[in-house]
Amino acid sequence: MPSGQPLDPGAAVSVRGLRKSFGRKDILHGLDFDIPTDSIVGLLGRNGAGKTTALSILSGQDPATAGAVSVLGRHPFEDPTTAARLCFARENQKYPESFKAAHVLKSAPWFFEHWDQGFAERLVRMFRLPVETKIQKLSRGQLSAVAIVVGLAARAPLTFFDEPYLGLDATARQLFYDVMLQDYLEHPRTIVMSTHLIDEAADLLEKVLVIDDGRILMDADADSARSAAFSLSGPAAAVGQVSAGWTAMNERRIGGLASVTLAGQPDAALTAAAAAHHLEIGPVGLQDLVAAIGSRSTDTLGASAPATDTAVDTSEEQR
Ligand SMILES: Nc1ncnc2c1ncn2[C@@H]1O[C@H](COP(=O)(O)OP(=O)(O)OP(=O)(O)O)[C@@H](O)[C@H]1O
């Protein structure tokens with residue numbers, strides 16, 4: 001999305017030119033994106049990409065250094081009206097020292113207008129959360145479970161989950177995805193989830209925002225993201241020949257074999273050439289696509305690209 005467009009008043013979240021610096025360190029370099037109302041959106045990116053920083057600003061906990069931010073139609077920073085309508089669920093949430101999960105559940109209805117106590121209690125049983133243990137004594141997975149219970153049972157119009165799976169085992173993570181989807185279908189609302197475990201969550205996401213080094217590298221609906229690239233594999237020489245002229249997002253080599261991720265979708269000429277050389281054409285999962293975009297941007301940054309926005313919009317590179 002080109003910078004300079006007005007904020008979208010119909011979106012749950014709309015930001016233009018969002019910048020954040022800590023001291024002299026620039027963390028977010030002018031983000032532009034919209035999050036549609038009543039959708040599940042993935043905020044994807046590598047460690048240190050700026051996801052938590054962005055979520056802290058959107059949830060009103062931190063001020064932006066520059067740029068325009070609209071959350072549920074208002075400027076969120078320290079705005080009680082916005083705060084009452086959103087929930088920022090994260091495992092490292094601070095609670096009073098003596099608090100147990102039971103206290104969290106008891107106080108939640110004061111903060112969340114749509115809080116569903118029966119649903120919260122069901123979630124507590126599902127995630128086997130020991131509600132009478134002090135929060136300070138809970139394991140990391142149990143802290144994530146507290147965040148999940150609050151994030152889901154709050155049924156806030158806008159929910160941010162910041163890596164909601166930390167410490168959770170695979171069964172609990174799947175349970176979270178299943179129950180979130182089911183509850184979202186019954187009670188549509190806007191959910192933004194930052195995650196590294198992209199393939200696990202991919203089926204839930206309607207839109208993906210890929211952020212790296214404080215820049216948006218991809219902003220696409222999940223279906224177009226899934227068809228943004230494909231892989232071509234086989235003997236390295238033939239792969240190189242057939243993929244000539246295509247945008248290679250990354251390449252892996254093992255011995256004489258190569259697999260490249262190419263932007264776009266295979267056309268008839270490439271399909272025919274691949275068949276003639278016995279090469280394999282395959283889909284690229286969202287996780288691999290994000291990794292390819294990330295490694296490409298790292299290459300670009302490593303080559304001392306100018307410090308201006310270097311957003312890679314893969315859709316523009318499709319042939
Ligand atoms: N208060 C702060 N002061 C200085 N630098 C900060 C501060 N908070 C975050 N940063 C830096 O901002 C960058 C982005 O951090 P952020 O936590 O937003 O990344 P992230 O995408 O959430 O990463 P992860 O997936 O590892 O949690 C990092 O380089 C981090 O060190």
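Predicted model only: the values in this text are computed from it and were never measured. Counting convention: from 1, in listed order, for ligands and their atoms alike.
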A.B. asks: Let me confirm one number: the OG1-NE2 distance from T81 to H75, rounded to the nearest 0.5 Å.
C.D. replies: 14.0 Å
A.B. asks: Any idea which heavy atoms bring A101 and L129 closest together, and the distance?
C.D. replies: CB-CD2, 4.2 Å
A.B. asks: Which of the numbered atoms in ligand 1 are under 4.0 angstrom from any heavy atom belonging to A49?
C.D. replies: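 Taking each heavy atom of A49 in turn, ligand 1 has 19 (O), 20 (P), 21 (O) under 4.0 Å.
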A.B. asks: Provide the closest heavy-atom pair for A292 versus T261 in the form atom of the first, atom of the second, distance.
C.D. replies: CB-CG2, 4.2 Å
A.B. asks: Which atoms of ligand 1 sit under 4.0 Å from any heavy atom of N47?
C.D. replies: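 Those of ligand 1 that fall under 4.0 Å from N47 are 23 (O), 24 (P), 25 (O), 26 (O).
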A.B. asks: Working to the nearest 0.5 Å, report the span between CG of L166 and OG1 of T195.
C.D. replies: 9.0 Å
A.B. asks: Just to be sure I read this right, does ligand 1 sit under 4.0 Å from the backbone of I27, its side chain, both, or neither, counting only heavy atoms?
C.D. replies: side chain
A.B. asks: Give a yes or no on whether a salt bridge exists between D183 and R189, defined as a side-chain N under 4.0 angstrom from a carboxylate O.
C.D. replies: yes
A.B. asks: Do the side-chain N and O atoms of D178 and Q174 include a donor-acceptor pair separated by under 3.5 angstrom?
C.D. replies: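 Looking only at side-chain atoms, Q174 and D178 do form a donor-acceptor pair, the distance falling under 3.5 Å.
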A.B. asks: Kindly give the heavy-atom pair with the smallest separation between F119 and D116, and that separation in Å.
C.D. replies: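 For F119 versus D116, the nearest heavy atoms are N-OD1, 2.9 Å.
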A.B. asks: Note the single closest protein heavy atom to atom 23 (O) of ligand 1, along with its residue, its atom name and the distance in Å.
C.D. replies: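 Result: G48 N, 2.8 Å.
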A.B. asks: So which protein heavy atom does atom 27 (O) of ligand 1 come closest to, and at what separation?
C.D. replies: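 It is E163 OE2, 3.1 Å.
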A.B. asks: Quick one: nearest non-hydrogen protein atom to atom 25 (O) of ligand 1, plus distance?
C.D. replies: K51 NZ, 2.8 Å
A.B. asks: Taking atom 16 (P) of ligand 1 as the point of reference, which of L44, D26, D213, T53 owns the nearest heavy atom?
C.D. replies: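 Checking each option, the heavy atom nearest atom 16 (P) of ligand 1 is found in T53.
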A.B. asks: So is there a nitrogen or oxygen of G45 less than 3.5 Å from a nitrogen or oxygen in ligand 1?
C.D. replies: no
A.B. asks: So, regarding F22 and ligand 1 (criterion: nitrogen or oxygen to nitrogen or oxygen, under 3.5 Å), is there a contact or not?
C.D. replies: no
A.B. asks: Nearest protein heavy-atom contact for atom 17 (O) of ligand 1: which residue, which atom, what distance?
C.D. replies: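 Going by distance alone, atom 17 (O) of ligand 1 is nearest to T52 CB, 3.6 Å.
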A.B. asks: List ligand 1 atoms under 4.0 Å from H196, heavy atoms only on the residue side.
C.D. replies: 25 (O)
A.B. asks: Atom CG of L86 and atom CG of L58: how far apart are they, to the nearest 0.5 Å?
C.D. replies: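 These two atoms lie 9.0 Å from each other.
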A.B. asks: Mind checking whether K25 contacts ligand 1 via backbone (N, CA, C, O), side chain (CB onward), both or neither, at a 4.0 Å heavy-atom cut-off?
C.D. replies: side chain
